[in-house]
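Step one of this worksheet: look at the structure below.
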Protein chains: 2
Amino acid sequence: MVREEDILQKLESHQLRKTAFRKEVLELFMASEGEALSNQELESQLDNPDRITLYRTLKAFEDKGLIHLAADSGGISRYALCLADCTTHAHHDQHAHFQCRTCGKTICLEGEVVIRAQAPAGYKVERENLTLEGLCDECI
Amino acid sequence: MVREEDILQKLESHQLRKTAFRKEVLELFMASEGEALSNQELESQLDNPDRITLYRTLKAFEDKGLIHLAADSGGISRYALCLADCTTHAHHDQHAHFQCRTCGKTICLEGEVVIRAQAPAGYKVERENLTLEGLCDECI
DNA sequence: TTCCAAATGCAACGCCGTTGCAATAATTTT
DNA sequence: AAAATTATTGCAACGGCGTTGCATTTGGAA
């Protein structure tokens with residue numbers, strides 16, 4: 001269970017207005033335990049879901065460093081809560097994601113990620129994106 | 001320049017019919033030097049491009065192991081030629097991709113890729129997907 | 001309470017990708 | 001080489017994801 005107080009505090013600290021809608025959305029993220037949620041999944045759990053408002057809410061959350069985008073192989077967007085040290089326009093959590101090829105469930109992976117891959121000379125690498133694909137524990 | 005003979009041979013060896021359209025599409029891939037091309041980019045270079053036919057052509061190429069999908073951060077599909085040892089339903093080339101955040105140019109990266117990341121116990125990892133993002137030599 | 005800026009809800013749009021179906025073209029068979 | 005078979009093409013229509021513009025409502029500050 002997520003405490004109302006914690007939700008409000010999180011919105012406040014990220015300079016986001018405490019509207020009913022945003023509280024609902026943030027609660028879903030905080031209750032999802034590191035799972036990345038799609039617009040569709042969020043809509044199905046919301047009270048009075050307006051697609052467009054949800055899109056804009058997620059974009060606002062992302063801009064303020066509250067959530068981050070996790071690549072989905074199907075081309076849709078999935079977001080997950082950032083760790084504590086992400087702030088506005090400064091996402092610091094460089095971690096891998098896992099996506100189940102059957103149910104689409106996507107989670108953030110904890111722990112160390114070591115990547116060795118080289119871009120050609122003259123290229124500038126700014127971010128590394130690692131996604132593991134396979135079967136989750138429920139689809140195996 | 002790509003030789004007609006090589007195009008036909010490649011289609012033949014992958015059990016694909018040698019139609020005018022497919023020859024055109026394959027030629028674009030063979031001339032692109034490891035760059036991953038989107039439907040849009042292909043359409044703009046084709047003679048008489050039918051969107052739907054192009055989608056199906058790419059799917060056929062992929063099924064037969066001629067091309068592979070490279071993740072695009074914007075959620076669209078980009079394909080690139082496979083290396084020689086890919087065959088029907090058996091893609092062997094596990095390599096990273098680089099995508100420019102400005103122009104979208106996407107290339108296959110050669111060389112070794114070492115990944116250390118752990119999925120939770122009970123999960124089965126089947127594929128690892130590594131994409132580097134940044135600026136290409138022309139956008140820097 | 002008043003005011004302003006931000007967030008919401010609605011309508012409309014554009015792009016990516018897919019499906020069904022009839023017409024056409026490439027192989028295979030005789 | 002013609003007929004039969006099978007795959008491919010082109011077209012129409014559709015659905016989903018995501019965006020933009022605009023009027024209305026709401027949250028927060030003065």
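Every heavy atom of this structure was used, including side-chain atoms; hydrogens, water molecules and symmetry mates were not. Letters go in sequence order (proteins before strands), and every chain restarts at 1.
In terms of heavy-atom proximity, Gly122(B) sits nearest to Ile140(A) at O-CD1, 3.3 Å. Residues Ala119(A) and Leu109(B) share a closest heavy-atom pair of CA-CD2, 4.1 Å. Ile7(B) and Leu26(B) get closest at one heavy-atom pair: O-CD2, 3.6 Å. Residue Cys136(B) comes nearest to Cys100(B) through the heavy atom pair N-SG, 3.5 Å, listed as atom of the first residue, atom of the second, then distance.
Protein chain A touches strand DNA chain D; the 5'-most and 3'-most nucleotides with an atom under 4.0 angstrom of its non-hydrogen atoms are dC17(D) to dG28(D).
For the pair Leu42(B) CG and dG17(C) P, the computed distance is 11 Å after rounding to whole Å. Here the C1' atom of nucleotide dA7(C) and the NZ atom of Lys23(A) are 14 Å apart, to the nearest Å. Here the P atom of nucleotide dA6(C) and the CZ atom of Phe61(A) are 17 Å apart, to the nearest Å. Between the CD atom of Glu24(A) and the P atom of dG9(C) there is a distance of 10 Å, given to the nearest Å. Atom pair Lys18(A):NZ and dA6(C):P shows a separation of 15 Å (rounding to whole Å applied). A straight line from CD1 of Ile76(A) to C1' of dT18(C) spans 16 Å, rounded to a whole angstrom. Computed from coordinates, the Asp63(B) CG to dT18(C) P distance equals 11 Å when rounded to whole Å.
Each of Gly75(B) and Arg56(B) lies near DNA chain C, and the nucleotide nearest Gly75(B) is the one positioned closer to the 5' end. Residue whose closest nucleotide on DNA chain C sits further toward the 5' end, between Lys59(B) and Ala20(B): Lys59(B).
Recorded end-axis angle for the helix from dT1(C)-dA30(D) to dT30(C)-dA1(D) stands at 30°, based on five pairs per end and rounded to 10 degrees.
Residues passing the side-chain hydrogen bond (donor to acceptor under 3.5 Å, both in side chains) test with Arg56(A), sequence neighbours excluded: none. Listed by chain and number, the residues in a side chain to side chain contact (heavy atoms under 4.5 Å, CB included) with Asn39(B) are Glu43(B), Leu54(B), Tyr55(B), Leu58(B) (sequence neighbours excluded). With sequence neighbours left out, the side-chain hydrogen bond (donor to acceptor under 3.5 Å, both in side chains) criterion links Ser73(A) to Gln99(A). Taking the side-chain hydrogen bond (donor to acceptor under 3.5 Å, both in side chains) definition, one finds that Glu12(B) meets it with Lys18(B), sequence neighbours left out. In this view, Arg101(B) and Glu126(A) satisfy the side-chain hydrogen bond (donor to acceptor under 3.5 Å, both in side chains) rule, not counting sequence neighbours.
A heavy atom lying under 4.0 Å from DNA chain D marks none of the residues of residues 100-108 of chain A. Residues of residues 44-55 of chain B that place a heavy atom closer than 4.0 Å to DNA chain C, in numerical order, are Arg51(B), Ile52(B), Tyr55(B).
Using a 4.0 Å cut-off, no side-chain N or O of Thr19(A) falls inside it from OP1 or OP2 of dA6(C). Phosphate contact (OP1/OP2 of dC16(C), side-chain N/O of Gln40(B), threshold under 4.0 Å): present.
In this structure, Thr57(A) OG1 and Leu66(A) CG are separated by 11.5 Å, a value rounded to the nearest 0.5 Å. Atoms CG and OG, from Leu37(A) and Ser77(A) in turn, are 12.5 Å apart once rounded to the nearest 0.5 Å.
Annotation: salt bridge (Lys or Arg N to Asp or Glu O under 4.0 Å) contacts involving residues 19-33 of chain B, sequence neighbours excluded, comprise Glu4(B)-Lys23(B). For residues 45-54 of chain A, the pairs satisfying side chain to side chain donor-acceptor pair (under 3.5 Å) are Asp50(A)-Thr53(A), with sequence neighbours left out.
Among Glu62(B), Arg78(B), His97(B), the one residue that satisfies the side-chain hydrogen bond (donor to acceptor under 3.5 Å, both in side chains) test with His68(B) is His97(B).
Side-chain contact between Val114(A) and Val114(B) is absent, with no heavy atoms from C-beta onward closer than 4.5 Å.
Separation of the Tyr123(A) and Phe98(B) ring centroids falls under the 6.0 Å cut-off.
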Polar atoms only, N or O, under 3.5 Å: list the protein pairs with nucleotides 2-4 of chain C and their distances.
none

